[in-house]
Amino acid sequence: MSEKTITSRDNALVKHARAVRDGKDARQIFVEGLRLCEEAQQALSVDDIKEVIYTERIAQDERGLRLLEALKISGKRTASVSESVFASISDTKTPQGIVLLASRPRTERSALIKSADGVPLIIILHRINNPANAGAILRTAEAAGASAAILTEGTSDIFSPKALRGAMGSSFRLPLWTGASFKAALAWCQEQGISTISASLRARHLHTEIDWTQPSALVVGAESSGLTTAEIAQADQALRIPMRSPVESLNVGAAAAIVLYEAARQRKVGS
């Protein structure tokens, strides 16, 4: 372990942190904020967390000090910086004063193997291009008892700072497969005996009429356009959420939450 104060003459770590924050270093992720850093420290392996950048303000907070001590004990390289330097690193308007740089978690198809055990409930995010929405959907999915998530090509980077804040730790815990083609995602579900159910405004069945006690995968599409007619047709079933006119659609995060909690109700999650 080594501690250092970053100055104008020694800013290599600051530059590296900005590069990770901006997605210019795909090997690592930028984790910011006390709660999210706590989640990362608990969920990731000791070797995955590489560096810690913090301000004295976080070190004076009881929770912050506990986290810093745990990270120091595990041998992480820590750097104390001024509030102004930290503000230049931060991805938020009101920085809390702590950032972790960690190895990007592996998100391959093999990560989903255990999620097919029991009666799986999968969420497939197809071309969800708003990182906050993508993260929030993962958080809702975990809360509703989902087994795993598949994120297709064109979906936002689920480990970007905004997506990580939206997920608030769920992206560290849920098994994830990212960068899958739409065809490959549906094919995997078919191989595992998991019924795929797409969200469609014109579907005949309501979300409450689907039997969610069976192995299931909910497929949600892009915020602006949803799923195409061809994509809806490729799924095993389609559902719609009833809405009072003149409302025609819901935010994808809200729609996913409504459906996932119907699945949770049928599965008696948390009861």
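Bear in mind the structure is a predicted one, so any value in this text is a computation, not a measurement.
At a threshold of 4.5 Å between non-hydrogen side-chain atoms, the residues Leu151 and Trp177 do not count as touching. Taking 4.5 Å as the limit, some side-chain heavy atom of Arg18 sits within range of a side-chain heavy atom of Ser88. Using a 4.5 Å heavy-atom threshold, the side chains of Lys24 and Val20 count as separate. The side-chain heavy atoms of Val99 and Tyr54, taken from C-beta on, include no pair separated by under 4.5 Å. In this structure the side chain of Ile124 reaches within 4.5 angstrom of the side chain of Cys189, judged on heavy atoms. Asp61 places none of its side-chain heavy atoms less than 4.5 Å from the side chain of Arg57. Using a 4.5 Å heavy-atom cutoff, the side chains of Arg21 and Ser160 are not in contact. Between Phe159 and Val31, the closest side-chain pair of non-hydrogen atoms is not below 4.5 Å.
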Between Phe86 and Glu32, is the side chain to side chain contact (heavy atoms under 4.5 Å, CB included) condition met? List the steps.
CA-CA 11 Å; Phe86 193 90; Glu32 180 176 5; 3.8 Å; yes
Verify salt bridge (Lys or Arg N to Asp or Glu O under 4.0 Å) between Arg35 and Glu38, making sure each step is shown before the conclusion.
CA-CA 5 Å; Arg35 168 75 182 280; Glu38 288 174 334; 5.4 Å; no
For Ile53 and Ile98, what are the C-alpha separation, side-chain angles and deciding distance, and is it a side chain to side chain contact (heavy atoms under 4.5 Å, CB included)?
CA-CA 6 Å; Ile53 305 170; Ile98 186 166; over 6 Å; no
Take Ile150 and Leu125 through the side chain to side chain contact (heavy atoms under 4.5 Å, CB included) test and state the conclusion after the steps.
CA-CA 6 Å; Ile150 301 174; Leu125 285 69; over 6 Å; no
List the steps and the verdict of side chain to side chain contact (heavy atoms under 4.5 Å, CB included) for Val219 and Ile123.
CA-CA 6 Å; Val219 188; Ile123 178 79; over 6 Å; no
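Residues Leu250 and Tyr261 fall into different hydrophobic clusters, defined by Ile, Leu, Val, Met, Phe, Trp and Tyr side chains chained together at heavy-atom separations under 4.5 Å. A continuous path of Ile, Leu, Val, Met, Phe, Trp and Tyr side chains, each step under 4.5 Å between heavy atoms, connects Leu218 with Ile258, placing both in one hydrophobic cluster. Hydrophobic clustering, with ILVMFWY side chains joined whenever heavy atoms are under 4.5 angstrom apart, groups Ile241 together with Val247. By the rule that hydrophobic residues join a cluster once side-chain heavy atoms approach within less than 4.5 Å of another member, Val46 and Leu67 end up as members of separate clusters.
Judged purely by atom type and a 3.5 angstrom limit, Ser225 has no side-chain atom pairing as donor or acceptor with the backbone of Ala222. Using a distance-only test at 3.5 Å, with no hydrogens or angles considered, no donor-acceptor pair links the side chain of Thr107 to the main chain of Leu176. Thr196 places a side-chain N or O within 3.5 Å of a backbone atom of Asp236 that can act as its donor or acceptor partner. The main-chain N or O of Asn129 is found under 3.5 Å from a side-chain atom of Glu223 such that the two form a donor-acceptor pair. With Ser103 contributing its side chain and Gln28 its backbone, the two residues share no donor-acceptor pair below 3.5 Å. Looking at Arg104, its side chain does come within 3.5 Å of a backbone N or O of Ala26 through a donor-acceptor pair. Looking only at distances, a side-chain donor or acceptor of Arg267 sits under 3.5 Å from a matching main-chain atom of Gln214.
For Glu62, the salt bridge (charged side-chain N to carboxylate O under 4.0 Å, His left out) test picks out Arg66, with sequence neighbours left out.
In the displayed structure, Lys162 atom NZ is contacted under 6.0 Å by at most 12 heavy atoms of other residues, nucleotides or ligands.
For Arg27 and Asp25, the salt-bridge test passes: some basic side-chain N is under 4.0 Å from an acidic carboxylate O. Under the 4.0 Å criterion applied to side-chain N and carboxylate O atoms, Arg165 and Asp91 are assigned as salt-bridge partners. Glu39 has a carboxylate O that lies under 4.0 Å from a charged side-chain N of Arg173, or vice versa, which qualifies the two as a salt bridge. Under 4.0 Å is where a charged nitrogen must lie from a carboxylate oxygen, and between Glu153 and Lys183 no such pair does.
In this structure, a donor-acceptor pair under 3.5 Å is present between the side chains of Asp211 and Thr213. The closest side-chain donor-acceptor pair between Gln266 and Glu262 falls under 3.5 angstrom.
With rounding to the nearest 0.5 Å, the separation of CD in Gln41 from CG in Leu71 is 5.5 Å. Here the CG-CZ distance, from Asp48 to Arg106, works out to 11.0 Å after rounding to the nearest 0.5 Å. A distance of 9.0 Å separates OG of Ser80 from CG of Leu68, quoted to the nearest 0.5 Å. Atoms CD1 and CD1, from Ile158 and Ile128 in turn, are 10.0 Å apart once rounded to the nearest 0.5 Å. Separating the CD atom in Gln234 from the CZ atom in Phe182 is a distance of 5.5 Å, to the nearest 0.5 Å. Note that OG of Ser249 is 14.5 Å distant from CZ of Arg240, once rounded to the nearest 0.5 Å.
Nearest heavy atom pair, residue Ala43 against residue Phe172, reads CB-CB, 3.6 Å. The heavy-atom pair separating Thr55 from Ser82 by the smallest distance is CG2-O, 4.1 Å. Residues Arg139 and Ser170 share a closest heavy-atom pair of CA-OG, 3.3 Å. The two residues Ile49 and Ala40 have their closest heavy-atom pair at CD1-O, 4.1 Å. Scanning all heavy atoms of the two residues, the minimum distance from Ser90 to Phe30 falls at CA-CZ, 4.5 Å. Minimum interatomic distance between Ala256 and Val220 (heavy atoms only, all atoms of both residues): CB-CG1, 4.4 Å.
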Just distance, no hydrogens or angles: give the donor-acceptor pairs under 3.5 Å from side chains in residues 197-210, sequence neighbours left out.
residue: Ser198; atom: OG; partner: Gln237; partner atom: O; Å: 3.3
residue: Ser200; atom: OG; partner: Arg202; partner atom: N; Å: 3.2
residue: Glu209; atom: OE1; partner: Leu206; partner atom: N; Å: 2.9

